[in-house]
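Note sheet for the following structure.
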Number of protein chains: 2
Amino acid sequence: MANIYFTVTQTIAANDCNKPEEIDLSMATIKDVAQKAGVATSTVSRILSGKGEASKETKERVLQIVQELNYKPNALAKGLKEGKSNTIGLIVPNIRDLVFPAAIRGISDYLEKHGYTLVLVNTDDKIELEKLHINNLQNRAVDGFIISTAKKDSVHLLELKKKGVPIVLLLRHLGDTMDAIIVDNYQGGYNAIQYLIEKGHKKIAIVNGTMDLQLYRERYRGYVAALSEAGIEMDNNLVVHNVESWEDSLQAVKNLIERGGCPEAIFATSDPKALGVIRGLKDMNIKVPDDVSVIGFDNMDMAEMMDPPLTTVAQPFYKCGYMAAERLLRLIKSKRTLKPVVEELKTELLIRSSVKERP
Amino acid sequence: MANIYFTVTQTIAANDCNKPEEIDLSMATIKDVAQKAGVATSTVSRILSGKGEASKETKERVLQIVQELNYKPNALAKGLKEGKSNTIGLIVPNIRDLVFPAAIRGISDYLEKHGYTLVLVNTDDKIELEKLHINNLQNRAVDGFIISTAKKDSVHLLELKKKGVPIVLLLRHLGDTMDAIIVDNYQGGYNAIQYLIEKGHKKIAIVNGTMDLQLYRERYRGYVAALSEAGIEMDNNLVVHNVESWEDSLQAVKNLIERGGCPEAIFATSDPKALGVIRGLKDMNIKVPDDVSVIGFDNMDMAEMMDPPLTTVAQPFYKCGYMAAERLLRLIKSKRTLKPVVEELKTELLIRSSVKERP
DNA sequence: CTGAAAGCGCTTACAG
DNA sequence: CTGAAAGCGCTTACAG
C-alpha cells in the first residue's frame, strides 16, 4: 500500500512544472551569523539588541555578516523567549462597516511605526464568537487588544482587563475602568441640533440607532438638550430609535412623516442612516435640502460624494485608531497597572449642502 | 539617585487604583497538564494533536485536566518548533479603498474556519514599503501572502514566489507564473457596453483608470470590442484614461463634454469614478439617467445607496477574498510546488436605475 | 568585552 | 501505549 502511494507521488512529481531546486528558503539563523563571525550567539544577540557592550571590531564584523546573510531574527523564537509577540489583536464587529477602514488605518500606521503587527478579527457582534477569538489570540501571545465591540453585556472584557491583559476600547466604551478612545457623542449631537436651530429649523426629527449602545444614547441626549435649551418642545412623534441599516431608515422616514407630518429637518445619527433618510425623502418627492434639511453623524469616507454632499458631525476615526494604538502600546510597555483613562475626542461639524437656511 | 527613584515609584504605586493582585496571568503550559495528569508532556502533546495512540483512560484524564486548567497550546512555541505560524499576511495598498473591506471579510472568514490568523498591512502602493513589510512578515514566520498591490514593476513578487514562498495575488495579477484570483475584466467591460447598446445608446464615452493596471486595460478592451462588434465607430473624443479619484472624474466629464459634446451614456470603470461622473453631470444640470446614462464597475457596498442607484458591473469581492485564502492554504499545505493557476471569476451586470432606455 | 549554559513551550523521532 | 531527550531560534543571567 505504502508502495503504491509512493509510485503515484512519483508520477505526479515527474509531471510537475518547476522542480523544487532547493534554494536557501531556510533563513539564516543567529547561529549562522555567530559561526561565520567566529563569536558566540549571545554576542550577536547583544550587538543586535544594543544591550551590553561589544568591542568596535566585533560589532562591525557581526553587523557586516548580518548584512551579507540578510539575517533577520525569528520573531517566533524571540516572542517565545520574551513572552511577547509584538502583535496586537483588533476586534471589530464587521470590517465592512464604513466606520472602520479609517480607524484601522490609524491603528495600522501607529503600530507600524513602532514595530508592531496587526491581527484582525470580525465578530459580527456575537459575544460567543468574540470570546473564542480573544482566547485564540491570547494563545498566539498577542500582547494586547483594541476592541470595538463593547456592549452593556460585555463582562468578559471587564474580566480580561482584571487579569491584566492590556485592552483599549475603540469608539465604544464600558465605564471608567476600561481604557477607551471615544468621541464626544453628546456634544456632537448637541452641535448638530444647535446648527439646525441656528438655520431656522424648529420641527426637528431624529432617526437614531439602538439605545443599547451608549453612543446612540449620548447623541440622543445631545438632541434633547439642544432642543430644550432653545425652548423648543420635544415631540415624541419626531423621534425614532433602533434604526439599524440604511433600509431601516428609509422606512423610518416614511413612518415619521405619516405620524408627525413633515419635519423641517432630520438628524440622522449615522451617515448610512442619513443616506437612507435622504433616499426615503426623495422617494416621496421631498427635496433635500430645499424641503427638508438632513444632517448626519460620522463623516464616513463617502459623505462628501453623496447627493447632496452631506453636512455631518465628523468623527475623527483615523485619529481615534491612532490614539487607541498609542494608548495600547503604553499599557503594554508599562511595568505597573496604569490608571484607566477614557479619552473623549471632539467631533467637528462639517458643513456641506444638505442643510439649508429656513427663510 | 537610585534611592530617590525608588521612593517616587513607591509613592505612585501607593496611589495606584488596582494593585497587581498577581492572578494567574501565566497560562497553563503543557508541563502543568502533564504533571497534574502524571504523564509525560509528549503524551499530552500526542493526545492533543490526535497523532499516535493513547489508552482511553489516559486520554480521558488528560483531556479532563486540559479542560480544568483551560490549557491552550502556546502558538509561538508550536510555530517555532514546526516552522510555521498559521498566520498569513495580507498586503493591500490602502484599506480605505472601498473595494477591500468585502474582500478582506472573505479572506478572514475562510482563514478563521481553518485556524489561520490574518495580519494586515498597507503599502500605499509604495514598492519600497512593500518590500520592507514583506520582509518583516517573513521574520514573523508568516506562512504565506495574499497580495493586492501587483503592478508591472513588481518583480520582487516574482522573486519571492521563486524562492518558494506561497503567494496568491488578489484582484490584480502578474502573468501566468503567479497564482491569482481575479475577475474577468474584459468580459465585464464588454457586458457593460453591450447592455448600453441594447438600451439604444450609441455615443458611449468611457472614463477609465490608469493604463498601468491590467484591469483597466482589460475593461477598456471590452469597451472597444463591444463597440466594434456592434459596428459603432470608436471616437477618441469619448475616451479618457488615467482618471484616479472621484474628483478626477468630476473634472473628466466636464472636459469630455467640452471636447466631444454630450454623450448618451458613460461607462465609468469603477464605482467611485461613476460617482464623480454623476456629480459632474448634475453640476452641469444634466440629468442621470434621463439625459445621459451612467454605468459603473465594482458594486462596492454603497452602490445601491447612490442616487440614482447605480447600475454597475459587480465584482464578487467577498468571493475573491475567500477563494484567495482557499488557494493560499492549498499552496501552504502542499508538499510540492503546485502549478500556478489564475482563476478568473465572472462579473455580474447589476441593473439598477442609472441607465435608461433610449426612446 | 565575550562565551557557555539554561530555558521559553512546544513536537517529534526514538526507545522501550 | 508511554517516556526521556533533543531541538526549534532566540535571550538573559552568570562567569570569567
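Just so we're on the same page: letters track the sequence lines, and every chain starts at 1. If you're wondering where the values come from, they're calculated on a predicted model, not measured in any experiment.
Distance B:K72 NZ to C:dG9 P: 17 Å, rounded to the nearest Å. Going from atom CZ of B:R46 over to atom P of C:dC14 covers 14 Å, rounded to whole Å. Atom CD1 of B:I47 and atom C1' of D:dC1 are 10 Å apart (whole Å). The CG atom of B:L48 sits 13 Å away from the C1' atom of C:dG9 (whole-angstrom rounding). Separating the CZ atom of A:R140 from the C1' atom of C:dC10 is a distance of 14 Å, rounded to the nearest angstrom. The interatomic distance linking B:L76 (CG) with C:dC10 (P) rounds to 10 Å, in whole Å. At whole-Å resolution of the value, CD in A:E60 and P in C:dT2 are 12 Å apart. For A:K78 and D:dT12, the NZ to C1' distance is 13 Å, given to the nearest whole Å.
Applying the 3.5 Å distance criterion, the base of D:dA4 shares a donor-acceptor pair with the side chain of B:S42.
Remark: B:S45 is in phosphate contact with C:dT11, judged by side-chain N or O atoms under 4.0 Å from OP1 or OP2. Using a 4.0 Å cut-off, no side-chain N or O of A:T43 falls inside it from OP1 or OP2 of C:dC1. Contact between the side-chain N/O atoms of A:S55 and the OP1/OP2 oxygens of C:dT2 is found at a separation under 4.0 Å.
Residue B:K31 qualifies as open at atom NZ: its count of foreign heavy atoms under 6.0 Å is 12 or below.
One finds the CG atom of B:N86 at 5.5 Å from the CZ atom of A:R140 (value rounded to the nearest 0.5 Å).
Tested against A:L328 for a side chain to side chain contact (heavy atoms under 4.5 Å, CB included), the candidates A:D143, A:I181, A:I146 yield a single pass: A:I146. Among B:K131, B:E130, B:K161, the one residue that satisfies the side chain to side chain donor-acceptor pair (under 3.5 Å) test with B:H156 is B:E130.
Pairing analysis of DNA chain D (Watson-Crick: purine N1 to pyrimidine N3 plus N6-O4 or O6-N4; G-U wobble: N1-O2 and O6-N3; both under 3.5 Å) yields stems of 3 or more pairs at C:1-3 with D:14-16, C:5-12 with D:5-12, C:14-16 with D:1-3.
Note on B:D124 versus A:R105: salt bridge recorded, some NZ/NE/NH1/NH2 to OD/OE distance being below 4.0 Å.
Closest contact between the side chain of A:T58 and the listed nucleotides C:dG9, D:dC10, C:dT2 involves C:dT2. The B:L80 side chain lies nearest to D:dC8 when the options are C:dA4, D:dC8, D:dC10. Distance from the side chain of B:P73 is smallest to C:dC10 among C:dC10, C:dG3, C:dA6. Checking C:dT11, C:dA4, D:dG9 against every side-chain atom of A:A40, the shortest atom distance belongs to C:dA4.
Residue whose closest nucleotide on DNA chain D sits further toward the 5' end, between B:T41 and A:T41: B:T41.
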Verify salt bridge (Lys or Arg N to Asp or Glu O under 4.0 Å) between A:K126 and A:D153, making sure each step is shown before the conclusion.
CA-CA 11 Å; A:K126 285 178 198 143; A:D153 57 345; over 6 Å; no

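When atom types are taken as modelled, the side chain of A:S148 and the backbone of A:L170 share a donor-acceptor pair closer than 3.5 angstrom.
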